Amino acid sequence: YRLGLIYFQGNCQIVVHDLTKVKGKEERVQLKQTVNALQPSGDTPLAIAIVKAGDLIRQEKLRKGSVHVVILSDGGDTCGGQPCEEVKNLRKQGLKITFHTIGFRVNQSVQAELDCVANAGGGKSYSARDKEDIVKALTDIKNTIGGKGKSKKSNDKGGRFFRPAE
């Protein structure tokens, strides 16, 4: 499978790690190291990140298959964007993107914004208080997508979906 990572870097900026093929343990370890090195920086440009996700999907010509985007955020959009409207626009453009959201320790208004993104994107929305809640949400998303086991075409121990590296 292919995986991309978009994260926030303050001043309403985003950083993009392009879509890469995740085939085995080495790629999972690299991904985990990248995620573990992330540092919160204040701004939350959700709408900008949603538009960029759509751009990446167009560039990679992933329009034919179903693409799932998982947004994990500890806040609502602080950069003047409208995340829910951006999701609606991408879907109107014919991109088959499903958006799932996880609000980490967010207030009700932020959770409502994330709920709107997930609903507009045909996905699920979750509220998380701690690491265990995040793991539960990601596991549920994986199961929703269809990753309950290994790929039927592969005997590799990694299965089809991301697992934390050992």
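What you are looking at is a predicted structure, and each value in this text was computed from that prediction instead of being measured.
- Counting all heavy atoms, side chain and backbone alike, C79 lies closest to I48 at CB-CD1, 4.4 Å.
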Handout entry: Verdict with reasoning, V87 to R91, per side chain to side chain contact (heavy atoms under 4.5 Å, CB included)
Key = CA-CA 6 Å; V87 169; R91 291 178 61 100; 4.1 Å; yes

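- The distance from atom OH of Y126 to atom CD1 of I141, rounded to the nearest 0.5 Å, is 4.5 Å.
- For the pair T44 (side chain) and T78 (backbone), a donor-acceptor distance under 3.5 Å is absent.
- Under the side-chain contact (heavy atoms from CB on, under 4.5 Å) criterion, L138 pairs with V70, I102, I134, sequence neighbours left out.
- Remark: side-chain polar atoms of D43 are paired, donor with acceptor, to backbone N or O of C12 under 3.5 angstrom.
- Cluster membership for L31 and V135, using ILVMFWY side-chain heavy atoms within less than 4.5 angstrom, is not shared.
- Qualifying side-chain contact (heavy atoms from CB on, under 4.5 Å) partners for N36, counting only residues two or more places apart in sequence or in other chains: K32.
- Pairs of residues two or more places apart, or lying in two chains, that qualify as ring pair (Phe, Tyr, Trp, His ring centres under 6.0 Å) and include a residue from residues 66-116 are H68-H100.
- Checked against side-chain hydrogen bond (donor to acceptor under 3.5 Å, both in side chains), K124 has the following partners two or more places apart in sequence or in another chain: D140, T144.
- Taking hydrophobic clusters as Ile, Leu, Val, Met, Phe, Trp and Tyr residues chained together by side-chain heavy-atom distances below 4.5 Å, V51 does not share a cluster with V15.
- V67 pairs with exactly one of L95, T98, I57 by the side chain to side chain contact (heavy atoms under 4.5 Å, CB included) rule, that one being I57.
- K88 is linked by a salt bridge (charged side-chain N to carboxylate O under 4.0 Å, His left out) to E85, counting only residues two or more places apart in sequence or in another chain.
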N/O donor-acceptor pairs under 3.5 Å from side chains in residues 112-120, not counting sequence neighbours:
| residue | atom | partner | partner atom | Å |
| --- | --- | --- | --- | --- |
| E113 | OE1 | D77 | N | 3.0 |
| D115 | OD1 | Q111 | NE2 | 3.0 |
| D115 | OD1 | S125 | OG | 2.6 |
| N119 | ND2 | D115 | O | 3.2 |

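- When all heavy atoms are compared, the tightest approach of N107 to V110 is OD1-N, 2.9 Å.
- The backbone N or O of D130 sits nowhere less than 3.5 Å from a side-chain atom of R105 that would complete a donor-acceptor pair.
- Within the 4.5 Å cutoff, side-chain heavy atoms of L56 are placed close to those of I6.
- Between I97 and G54, the shortest heavy-atom distance links the atoms CD1-CA, 4.3 Å.
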Exercise for the section: Starting from the C-alpha separation in whole Å, work towards a yes-or-no answer on side chain to side chain contact (heavy atoms under 4.5 Å, CB included) for D55 and R58. Expected result: CA-CA 5 Å; D55 292 345; R58 267 190 225 90; 3.0 Å; yes

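- Two residues are said to be in side-chain contact when any heavy atoms from C-beta on lie closer than 4.5 Å; E26 and V29 fail this criterion.
- No more than 12 heavy atoms of other residues, nucleotides or ligands shown are found within 6.0 angstrom of CG on N11.
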Problem - CA sep, side-chain torsions, deciding dist, call: V35, L5, side chain to side chain contact (heavy atoms under 4.5 Å, CB included) - result: CA-CA 9 Å; V35 170; L5 178 65; 4.2 Å; yes

